[in-house]
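In this chain, numbering begins with 1 at the start of the sequence shown. Each ligand, and each atom within it, is numbered from 1 in the order the structure gives. Just so it is clear, the model here is predicted, and its values are computed rather than measured.
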Amino acid sequence: MVHGAGMAPRLQAGNRVHGVSVGVPHPALVQMCGYAGYDFVVLDNEHGPASIETTGEAIRAALGVGLVPIVRTFEPDISRLLDAGAGGIQVPLVETPEQAERIVRACRYPPAGGRSVAFSTPAAHYGFADRQGHIESSNRGIAVVLMIETAAAMERLGEILAVPGVDAVCIGPTDMSYSLGVPGDGRHPKVVAAVAECVGACRQAGIAVGANAFSQAEYGEHVAMGMTYHTVMMTMLLGKTLRERLVAMRGAASDS
Ligand code: 3PY
Ligand code: MG
């Protein structure tokens, strides 16, 4: 039964995947990412304003264009977002192995975990999905992505990565810079060293790792380091393109 849960095996196999972080929760923007050919979207419910209901619409849009909908969210919403059809969960600011264990457990039906079972949900096709098939494909396919973005997380990184069931790590250089006392400087040697250490540890543990790439040059660096879980940020791309075109037009027209 296809419900967007298919990302975990791809991450486990080390496949390179490209996604869009969507902070403006409109289904049309999600559809656009699918038609553009991306593999997945990260619906950003950490920094974005989406409710569970609007996230449900975005998930529906993603599934309609063949995108895996991963939702970036805090722990309390995991259960409802998976029921809404999320194919993966990305939790920010993970700092302890206990938290990582809780997140994995929340993403797996028993006996593998503690996710509450219901077949009336969009994820289970409102009861039309084969029940056992839904349980098995969800447990096999839902991607568990943890964000590592603080000094506290780095201190316990080995323990966090040893938690069974973690499929990928997404590094957050901005929060990391604030946490390391070099606020806003994602290129500071302290941040660069933390990112390199995190990538190395993930690769050693056989866990996919990635980050937002804000430029093609940065994407190249990420690939060279061994990252395979790549995202671009929609608001940044749109804003940058809009501004560049305006500047170019004003430069080209003598009367503007
Ligand atoms: C960070 O850099 O802190 C992030 O959360 C990136 O998504
Ligand atoms: Mg962050």
inquiry  = Quick test of your reading of the model: are Glu221 and Arg187 salt-bridged, counting only N-O distances below 4.0 Å?
reply    = yes

Check: Polar-atom distance check: His47 versus ligand 1, any N or O pair below 3.5 Å?
Finding: no

Quick note on ligand 1: atoms under 4.0 Å from a heavy atom of Glu149 include exactly 1 (C), 3 (O), 4 (C), 5 (O)

for atom 2 (O) of ligand 1, nearest protein heavy atom and its distance come out as Thr174 N, 2.7 Å

Quiz item: Are the aromatic ring centres of His18 and Phe40 under 6.0 angstrom apart?
Solution: no

For Asn212, the atoms of ligand 1 under 4.0 Å from one of its heavy atoms are 6 (C), 7 (O)

task = Give yes if a backbone or side-chain nitrogen or oxygen of Glu46 is under 3.5 Å from a nitrogen or oxygen of ligand 1, and no if not.
result = no

- Query: Passes salt bridge (charged side-chain N to carboxylate O under 4.0 Å, His left out), Arg115 versus Asp83? Steps please.
  - Reply: CA-CA 10 Å; Arg115 179 178 170 189; Asp83 281 352; 3.3 Å; yes

Quiz item: When only distance counts, is Pro173 in polar contact with ligand 1, meaning an N/O pair under 3.5 Å?
Solution: yes

What do you reckon, does Met147 put a non-hydrogen atom under 4.0 Å from ligand 1?
yes

_For Lys240 and Glu244: C-alpha separation, side-chain torsions, deciding distance, then whether salt bridge (charged side-chain N to carboxylate O under 4.0 Å, His left out) applies._
CA-CA 6 Å; Lys240 189 168 177 291; Glu244 279 172 2; 2.9 Å; yes

Of all N, O or S atoms in Glu149, the one closest to the Mg ion (ligand 2) is OE1

Checklist line | Arg156/Glu98 under salt bridge (charged side-chain N to carboxylate O under 4.0 Å, His left out): CA gap, chis, key distance, verdict | finding: CA-CA 11 Å; Arg156 303 196 67 184; Glu98 293 78 15; 3.6 Å; yes

Checking distances from the Mg ion (ligand 2), one finds that the N, O or S atom of Asp175 closest to it is OD2

- prompt: Does Arg60 CZ have over 12 foreign heavy atoms under 6.0 Å away?
  reply: yes

| field | Residue Arg16 excluded, over 12 heavy atoms near CZ under 6.0 Å | value | yes

The closest protein heavy-atom partner of atom 1 (C) of ligand 1 is Gly172 CA, 3.2 Å

Value for SG (Cys198) from CE (Met176), rounded to nearest 0.5 Å, stands at 6.0 Å

Among non-hydrogen protein atoms, atom 5 (O) of ligand 1 lies closest to Arg72 NH2, 2.9 Å

In this structure, atom 3 (O) of ligand 1 is nearest to the protein heavy atom Asp175 N, 2.9 Å

